[in-house]
> 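Got a structure for you, questions after.
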Number of protein chains: 2
Amino acid sequence: MNTPEITVKDIASKLRISPSTVSRALNGHEDVSPETKDKVMEMARQLNYSPNHAARSLRTHRTRTLGLVVPEISKHFFSNVLSGIQEYASSLNYSIVISQSLESFSMEQNHLQQLVSARADGILISLSNETNHGEHLRKLLDRDIPIVMFDRVLEDLPVSKVVVDDQKASFQAVEYLIKTGCKRIAFIGGLTGLYVSKEREAGYRQALTMHGLPIDEELIIHCNNLNRSPREEVTKLLQRTNKLDAIFCLNDPIAIEVMQVVKEWNLKIPEDISLIGFTNEPTSYYIEPSLTTVSQPAYEMGKTAVSLLIEQLENPKTFQPSTVVLGTRFIIRNTTRKLL
Amino acid sequence: MNTPEITVKDIASKLRISPSTVSRALNGHEDVSPETKDKVMEMARQLNYSPNHAARSLRTHRTRTLGLVVPEISKHFFSNVLSGIQEYASSLNYSIVISQSLESFSMEQNHLQQLVSARADGILISLSNETNHGEHLRKLLDRDIPIVMFDRVLEDLPVSKVVVDDQKASFQAVEYLIKTGCKRIAFIGGLTGLYVSKEREAGYRQALTMHGLPIDEELIIHCNNLNRSPREEVTKLLQRTNKLDAIFCLNDPIAIEVMQVVKEWNLKIPEDISLIGFTNEPTSYYIEPSLTTVSQPAYEMGKTAVSLLIEQLENPKTFQPSTVVLGTRFIIRNTTRKLL
DNA sequence: CTGAAAGCGCTAACAG
DNA sequence: CTGTTAGCGCTTTCAG
C-alpha cells in the first residue's frame with residue numbers, strides 16, 4: 001500500500017550518478033551530457049517519479065502558485081474570468097489557488113494572509129464591495145509579492161490593472177437612450193464605494209450633461225444589497241415620478257429585477273420605459289424582451305491579468321505597473337427603442 | 001525592499017528559547033506552558049510571522065491542499081459546486097487548487113499528474129465527457145491519494161461519491177409529462193458515454209414503460225456537441241414526426257435551444273409541445289415561457305464532496321467509501337401543462 | 001560534464 | 001515543560 005516517495009536520490013542511485021546531476025537533467029540544464037539526460041528521463045518515467053513541489057519551493061523560494069481572490073466565484077462574470085486565468089496559467093505550468101471574499105473586507109484580508117503563508121508567487125484580486133482602501137494590499141507589496149488587480153480595482157496602488165472603460169461604455173449606453181428619444185433617465189447603482197458603480201454613474205452623468213439634459217438627483221439611486229433591494233427602490237421610484245423614459249442599471253441582475261417590477265406596473269418595454277443593463281449575462285439574451293446591455297470580456301480579462309502577473313514574475317527587473325483597458329461591446333437588443 | 005523571511009528561529013532567538021518550543025506553541029501543542037505560548041504568539045504577531053507552508057509540508061507530508069478537476073469552471077453548475085467546495089474547505093483551513101479538463105481525457109490526466117506532483121492531500125473530481133474508464137484514477141489510489149468524485153462519477157471505483165438520483169428525478173419528470181396527457185415524448189441526451197446521460201435516459205425509459213407507453217427509438221436522440229447540435233437534431237425530429245407531445249432534455253441549455261426551434265416552428269409551448277430541462281440554470285426561470293426543470297443542489301454537492309474528502313483525510317483508519325445521494329427538486333413552471 | 005556538501009524552514013523523536 | 005538533533009527532497013555553490 002504505502003508507496004514510498006520516489007526521489008531524485010532513488011533515480012541517482014539506480015543510475016549510479018549523483019543527485020545533483022539528476023536534478024540538472026530533470027530541469028533541462030545545459031551542462032549535462034545528452035546520454036545522461038536521456039537515461040535520467042527514462043528512469044524517471046520508469047519509476048513514475050513526480051517532483052516534490054514543497055521541497056523545490058523551499059529551495060528556490062518560488063511556488064509556481066498564484067493566489068486568486070474574488071468576491072464570489074459562482075457569479076457568471078467571475079467564473080468566466082477564472083476560466084481565463086486557469087487556462088492561461090496552466091499552460092505556463094502555474095497553479096491557481098482560489099478564495100472568495102464574499103464581499104467582506106475581513107475575509108479578503110484573511111485570505112490574502114493565507115496566500116502569503118502559502119507563499120503564492122503573486123496575487124490576482126478583484127476587490128470586495130466593502131473594500132475602500134488598499135492597506136492590506138500594501139503590506140503584500142512590502143513583502144515584494146506582486147499583485148494584479150482586475151475589474152474592481154483601486155486606482156492609487158502601484159500595481160498592474162485590467163479594467164474596461166466603464167465610464168465610456170456607460171456614456172455610450174446612456175447616449176443611445178437619449179438618441180432614441182429618452183429624456184428622463186434613471187440610474188440604479190450599487191454601493192457608492194464601488195469603483196465600477198462610480199465609473200458607470202460618471203458615464204451616465206456625462207452623457208446627460210453632454211446632451212444638455214438636466215441631472216435630477218432623485219433619479220440616481222444606490223442600493224446596497226443588504227437593506228435596499230432594486231425591487232424596492234424601483235417601486236419607490238415609480239411611485240415618485242410618473243415621467244420616466246428609461247432606466248440604466250449598474251448590471252444585468254439589477255436590470256432583470258427592475259424589468260419584473262416594470263412589467264408588474266403594466267408599463268411597456270421599451271415603449272414606455274427603456275432598460276439597459278451591464279455585463280451581458282446569458283439570461284439577458286433569453287429574457288423577454290431581451291436586454292440591451294454592455295458585454296464585458298471576462299475570459300479575456302482573466303487571461304490578461306495572469307499574463308501581466310507572470311510577465312512581472314519572470315522579469316522583475318524591467319517591470320513597470322501598467323493598466324490594460326479592455327474593450328466593451330454595446331449590445332442592442334429589445335429593451336431599448338430603435339434609433340430613428 | 002527585500003524583506004528577509006521571518007522564521008521560527010527568529011522568534012526563538014528573540015525570546016531566547018528553542019525553535020522546537022516555538023513550533024509547538026504555534027501549533028497549539030499541549031505540553032507548552034501558557035506563558036511561553038503567549039509570548040510566542042505575541043512575538044509572532046509583532047514580527048508579522050507567517051509560517052512557510054512548503055517547509056511544513058516537507059516535514060509533515062501533508063500540504064493541506066486539495067486538488068479539484070472539473071470539466072469547465074465557467075459552467076453555472078460547476079462554479080456553484082466550486083463555491084461550496086471553496087467555502088467549506090477554507091473554513092477548515094484547506095486550500096483548493098483548481099483545474100479544468102475542458103472535456104478532454106488527456107487534459108484530465110495531465111492535471112491529475114500535476115496535482116500529484118503538487119502533493120495535494122486529496123482530489124475532488126467530476127469527469128470529462130471523454131473519460132470512460134478510471135485507470136488514471138486508480139494510479140492515484142495506488143499512491144494512497146484519496147479521491148472523491150461528484151456528479152459525473154464512475155461506478156466501479158472504490159472511492160466516495162456524491163451524486164443525485166438522476167434516474168429517479170428523470171422518472172419523476174417524465175411521469176409528470178405523462179400525467180399531464182403527453183404520450184409521444186422524445187428524449188434529447190448528450191454523449192452516450194456520459195453517466196448522467198445514461199441515468200437520465202434510463203429514468204425516461206422506465207417512466208414510459210411503467211405507464212404502458214411504447215418506447216420509440218426514433219424519439220431518443222444523442223447529440224455530442226461536436227457535430228450534432230440540439231438545434232439540428234430537433235429540427236430533424238420535427239420534420240420526421242408530426243405527432244410529438246413533449247421533449248425531455250438532458251439539461252437546461254439543450255432545453256433552451258430546443259425551445260427556440262419549437263418557437264420557430266410556431267408550435268405553442270406547452271399546448272402543442274411540453275418541455276422539461278435539467279439543472280435549473282438561472283436563465284430557465286427568466287426565459288419565456290419559464291422552463292420546467294429539475295434543480296440540482298450544486299453548492300451542497302460541493303460541500304458534501306469536500307467534507308467526505310476531509311473526513312477521509314483526517315480519519316484514514318476508519319474510512320469506508322460511501323456514496324451520498326443528494327435530493328433533487330422538480331420545479332414545475334410554464335413549459336408543461338397543468339395537472340388535471 | 002559531474003560529485004560532495006550544505007541548507008531552505010519546519011517538526012518530531014529523544015532526552016532531559 | 002523544554003532543548004538538541006536530525007532530516008523531509010530538492011537545488012546550488014564549489015570544486016574537480
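All values below come from the heavy atoms of this structure, side chains included, with hydrogens, waters and symmetry mates left out. Naming convention: chains lettered A, B, ... in sequence-line order (proteins, then strands); numbering from 1 in each chain. All figures in this text were calculated on a predicted structure; none of them were measured in a lab.
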> Return the value, rounded to whole Å, for the distance between atom CZ of A:R64 and atom P of D:dC10.
17 Å
> Rounded to whole Å, please give me the gap between CG in A:N52 and P in D:dG7.
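So the CG-P distance, A:N52 to D:dG7, works out to 18 Å.
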> Counting heavy atoms from C-beta on, name the nucleotide in C:dG9, D:dT11, C:dT2 closest to the side chain of B:A55.
C:dG9
> Which nucleotide, C:dA12, C:dT11, D:dT2, lies nearest any side-chain atom of B:H29?
C:dA12
> Between atom CG in B:N27 and atom P in C:dT11, what is the gap in whole Å?
5 Å
> To the nearest Å, give me how far apart CZ (A:R24) and P (D:dC10) are.
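The distance from CZ of A:R24 to P of D:dC10 comes to 15 Å, rounded to the nearest Å.
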> Have a look at A:S57 and say if it touches a base, only the backbone sugar-phosphate, or nothing, with a 4.0 Å heavy-atom cut-off.
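Nothing, no nucleic acid heavy atom in range.
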> Taking for each residue the nucleotide of DNA chain D with the nearest heavy atom, is it A:T21 or A:L58 whose nucleotide lies nearer the 5' end?
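With A:T21 and A:L58 compared, the 5'-side residue is A:L58.
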> Between atom CZ in B:R119 and atom C1' in D:dG9, what is the gap in whole Å?
9 Å
> Between B:S18 and D:dG3, does any side-chain N or O lie under 4.0 Å from OP1 or OP2?
yes
> Taking only side-chain nitrogens and oxygens of B:T7, does any of them come within less than 4.0 Å of OP1 or OP2 of C:dG9?
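B:T7 to C:dG9 OP1/OP2: no side-chain N or O under 4.0 Å.
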> Identify whether any heavy atom of A:D31 sits under 4.0 Å from a base atom; if not, whether one sits that close to sugar-phosphate; answer base, sugar-phosphate or nothing.
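The residue A:D31 makes base contact.
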> If only side-chain N and O atoms count, and only distance matters, is there a donor-acceptor pair under 3.5 Å linking B:S57 with B:R64?
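There is no such pair (donor and acceptor under 3.5 Å, judged by atom type) between the side chains of B:R64 and B:S57.
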> Is there a donor in the side chain of B:N110 and an acceptor in the side chain of B:Q114, or the other way round, less than 3.5 Å apart?
no
> Starting the side chain at C-beta, find the nucleotide from C:dA12, C:dT11, C:dT2 nearest to B:S20.
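Of all the options, the side chain of B:S20 is nearest to C:dA12.
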> Between C:dG9, C:dG3, C:dA6, which nucleotide has the shortest distance from any of its atoms to the side chain of A:R59?
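Selected nucleotide: C:dA6.
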> Please report, rounded to the nearest Å, how far the P atom of D:dT12 is from the CG atom of A:L26.
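So the CG-P distance, A:L26 to D:dT12, works out to 13 Å.
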> Nearest-Å distance, CZ (A:R62) to C1' (C:dC8)?
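From A:R62 CZ to C:dC8 C1': 16 Å.
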> Where do B:R138 and B:E135 land on the salt bridge (Lys or Arg N to Asp or Glu O under 4.0 Å) test, with the steps shown first?
CA-CA 5 Å; B:R138 282 233 161 66; B:E135 290 319 308; 3.6 Å; yes
> Do A:E108 and A:T131 have side-chain N/O donor and acceptor atoms under 3.5 Å apart?
yes
> Report yes or no: does B:N52 contribute a side-chain atom to a donor-acceptor pair with the main-chain N or O of B:A55 at less than 3.5 Å?
yes
> Can you measure A:H53 atom NE2 to C:dC10 atom P for me and round it to whole angstrom units?
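So the NE2-P distance, A:H53 to C:dC10, works out to 20 Å.
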